There are 2 protein chains.
Amino acid sequence: MLVEEREISQAVIRRLPRYYRYLGELLENGVERISSNDLSKRMKVTASQIRQDLNNFGGFGQQGYGYNVKYLYTEIGKILGLEEDHNIVIIGAGNLGQALANYAAFEKRGFILKGIFDVNPRLNGVSIRGVPIRMMDELKDFVQNNNVEIAVLTIPKEKAIEVANMLVENGVRAIWNFAHTDLNLPDHIIVENVHLSESLMRLSYNISRYNDEHSGKK
Amino acid sequence: MLVEEREISQAVIRRLPRYYRYLGELLENGVERISSNDLSKRMKVTASQIRQDLNNFGGFGQQGYGYNVKYLYTEIGKILGLEEDHNIVIIGAGNLGQALANYAAFEKRGFILKGIFDVNPRLNGVSIRGVPIRMMDELKDFVQNNNVEIAVLTIPKEKAIEVANMLVENGVRAIWNFAHTDLNLPDHIIVENVHLSESLMRLSYNISRYNDEHSGKK
DNA sequence: TAGATTGTTAATCGATTAACAATC
DNA sequence: TAGATTGTTAATCGATTAACAATC
């Protein structure tokens with residue numbers, strides 16, 4: 001029997017969490033059902049796109065009725081893997097690392113913070129939300145012994161590549177990368193980049209473009 | 001005379017900062033020139049795409065030679081608006097707000113931190129990199145009197161929409177939005193969203209997908 | 001049953017890649 | 001001049017939108 005693996009495009013995957021967020025809000029507001037048309041107006045996308053996107057994963061709606069909000073919310077949550085638990089560590093307890101460590105919504109989505117690591121001896125033993133900061137030389141052992149699936153990298157780019165390689169060799173499966181560099185890891189390793197400086201440059205570009213257009217410049 | 005406004009696609013704009021980063025690294029390494037082909041191998045994109053992207057903005061290369069790294073780096077910097085200064089404020093001095101305030105590379109790219117605001121009276125007057133944290137009730141006056149162009153929103157979503165509207169009414173032109181909500185501002189306002197929870201969900205999705213594929217599940 | 005709205009196929013649009021003449 | 005590599009046009013590919021039959 002041939003198992004047909006439909007490949008879902010990254011464009012679709014990028015939109016899924018946004019659907020999930022809107023459905024979550026509808027749910028909070030007690031809305032029971034919604035049509036692709038109503039949702040499309042709220043989200044400012046086409047109804048056609050919503051239906052196409054959802055039908056990549058199955059038929060969640062009902063003709064003449066629309067979509068049941070609660071059901072669709074749950075199903076998208078499953079698709080996004082939010083019903084599974086993932087052990088994570090944060091590497092780099094600087095401002096950003098601490099900000100992420102304090103991000104309480106982690107646990108709600110199944111991300112369990114197992115450890116925080118830094119090179120700064122002054123942070124040794126300091127706890128964030130009950131999780132003590134450990135020194136980098138303990139990292140390798142820790143990863144091997146705690147079933148760590150995801151590592152969050154909030155360290156300078158010079159160290160990031162080397163640390164990422166070490167993590168992958170010791171079983172880490174995915175990296176949430178905040179370092180200002182690309183990591184070039186094996187294909188089966190999942191990398192999600194958050195390059196804040198690039199985000200800021202896009203903002204900057206769009207301001208400049210607008211200024212040009214409204215000042216007679218070509 | 002017809003001023004031809006070529007519309008640059010957001011797909012291209014998303015890639016520009018990455019080109020800029022790679023060229024900056026080449027520059028640091030003393031590389032003088034590079035061909036689209038060499039660059040394509042480093043960046044793992046097609047040479048064709050690089051040439052197409054750059055030619056949206058003009059011919060920066062030379063047949064038979066390639067691109068001068070220094071020149072191209074500078075030109076992309078100009079396109080991205082990094083040679084202009086922008087006054088910015090950060091709203092929300094929690095962990096993430098403080099992390100961004102401490103992000104020193106801001107100034108290097110022309111982003112001048114003029115103020116930080118929060119509701120927490122305990123933070124009143126505390127300084128980050130020489131910039132004192134002010135109370136939210138001073139925000140409106142401050143924005144009017146300090147030529148603030150960009151606001152960074154690191155506050156809870158409940159407050160974010162209301163604050164964003166107030167900022168826009170008082171002259172703010174662009175918002176770097178870290179709040180977990182969409183803002184729905186007028187078209188001429190530039191919004192760059194950084195939805196960390198959505199980024200994490202995409203990571204989660206990709207892990208689950210990989211697990212499914214390697215466990216016999218459909 | 002009539003009306004509403006999905007699921008899905010077909011048409012369109014846009015982005016990426018390939019190819020090659022121009023030219024340094 | 002010969003070789004290399006761009007700038008740019010044409011071909012391909014993929015994603016979005018439109019349309020409508022199926023069906024609740």
Side-chain angles (χ1 to χ4, degrees), chain A residues 4-19 22-23 26 31-76 79 202 205 209 218, chain B residues 4-19 22-23 26 31-76 79 202 205 209 218:
Chain A
E4 182 68 32
E5 264 310 333
R6 232 178 336 178
E7 193 59 51
I8 311 288
S9 83
Q10 286 295 316
V12 174
I13 296 161
R14 289 196 71 77
R15 288 191 290 266
L16 278 187
R18 190 156 176 267
Y19 293 134
Y22 271 82
L23 289 163
L26 288 169
V31 178
E32 243 179 53
R33 68 190 185 93
I34 191 144
S35 68
S36 57
N37 202 255
D38 284 356
L39 189 57
S40 83
K41 274 171 202 145
R42 286 170 190 264
M43 295 188 64
K44 297 182 175 164
V45 298
T46 63
S48 207
Q49 182 163 75
I50 293 174
R51 295 203 299 275
Q52 286 276 26
D53 282 353
L54 297 179
N55 274 89
N56 281 298
F57 302 98
F60 300 124
Q62 195 167 80
Q63 283 96 332
Y65 171 89
Y67 299 88
N68 178 286
V69 172
K70 180 108 194 284
Y71 174 68
L72 187 54
Y73 178 77
T74 309
E75 289 303 310
I76 295 182
I79 292 165
R202 286 192 288 272
Y205 171 88
R209 217 47 31 197
K218 166 80 178 292
Chain B
E4 183 65 35
E5 265 309 333
R6 234 178 334 177
E7 195 58 51
I8 311 288
S9 82
Q10 287 294 317
V12 174
I13 296 161
R14 288 196 72 78
R15 289 190 289 266
L16 278 186
R18 189 155 177 266
Y19 293 134
Y22 272 83
L23 288 163
L26 288 168
V31 177
E32 243 179 52
R33 69 190 185 92
I34 190 143
S35 68
S36 57
N37 202 254
D38 283 356
L39 189 57
S40 82
K41 276 172 202 144
R42 286 170 189 264
M43 295 187 63
K44 297 182 176 163
V45 297
T46 63
S48 207
Q49 182 164 72
I50 293 174
R51 296 204 297 279
Q52 286 276 25
D53 282 353
L54 297 178
N55 275 88
N56 280 299
F57 303 97
F60 300 124
Q62 197 168 78
Q63 284 97 332
Y65 171 89
Y67 298 88
N68 178 285
V69 173
K70 179 108 194 286
Y71 174 69
L72 187 55
Y73 177 77
T74 309
E75 288 304 310
I76 295 182
I79 292 164
R202 287 191 289 271
Y205 171 88
R209 220 43 35 196
K218 165 86 176 289

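Hydrogens, waters and symmetry mates are skipped; everything else that's a heavy atom, side chains included, is used. If you're wondering where the values come from, they're calculated on a predicted model, not measured in any experiment. The chains referred to below are lettered A, B, ... by the order of the sequence lines, with proteins before strands, and numbering in each begins at 1.
Counting distance only, with no hydrogens placed and no angle test, the side-chain atoms of Gln52(B) and the base atoms of dT8(D) include no donor-acceptor pair under 3.5 Å.
The side-chain heavy atoms of Arg15(A) and Gln49(A), taken from C-beta on, include a pair separated by under 4.5 Å. You'll find the side chain of Val45(A) reaches within 4.5 Å of the side chain of Arg18(A), heavy atoms only. Side-chain contact between Asp53(A) and Ile50(A): absent, with no pair of heavy atoms (C-beta onward) separated by less than 4.5 Å. Residues Leu16(B) and Phe57(B) are in side-chain contact: their nearest non-hydrogen atoms beyond the backbone lie under 4.5 Å apart.
For Ala11(B), taking side-chain heavy atoms from C-beta onward, the closest of the listed nucleotides dT16(D), dT5(D), dT16(C) is dT16(C).
Between Asp53(A) atom CG and dG7(C) atom P there is a gap of 13 Å when expressed in whole angstrom units. To the nearest angstrom, C1' of dT9(D) lies 17 Å from CD of Gln49(B). Between the C1' atom of dA18(C) and the CZ atom of Arg51(B) lies a distance of 10 Å, rounded to the nearest Å. When the P atom of dA4(D) is taken as reference, atom CD of Gln63(B) falls 15 Å away, rounded to whole Å. The distance from atom CZ of Phe60(B) to atom P of dG7(D) is 9 Å, rounded to the nearest whole Å. dT16(C) atom C1' lies 17 Å from atom CD of Gln10(A), rounded to whole Å. As a whole-Å value, the separation of Asn55(A) CG from dT5(C) C1' is 12 Å. Nucleotide dA15(D) holds its C1' atom 16 Å from the CG atom of Leu54(A), rounded to whole Å.
Base contact: Ser48(B) has a heavy atom under 4.0 Å from a base atom.
Considering only side-chain N and O atoms, Arg33(A) lies nowhere under 4.0 angstrom from the phosphate OP1 or OP2 of dC24(D). Distances shown here put every side-chain N or O of Ser36(B) at or beyond 4.0 Å from the OP1 or OP2 atom of dT5(D).
Between Tyr65(B) and Val45(A), the one whose closest nucleotide on DNA chain D sits nearer the 5' end is Tyr65(B).
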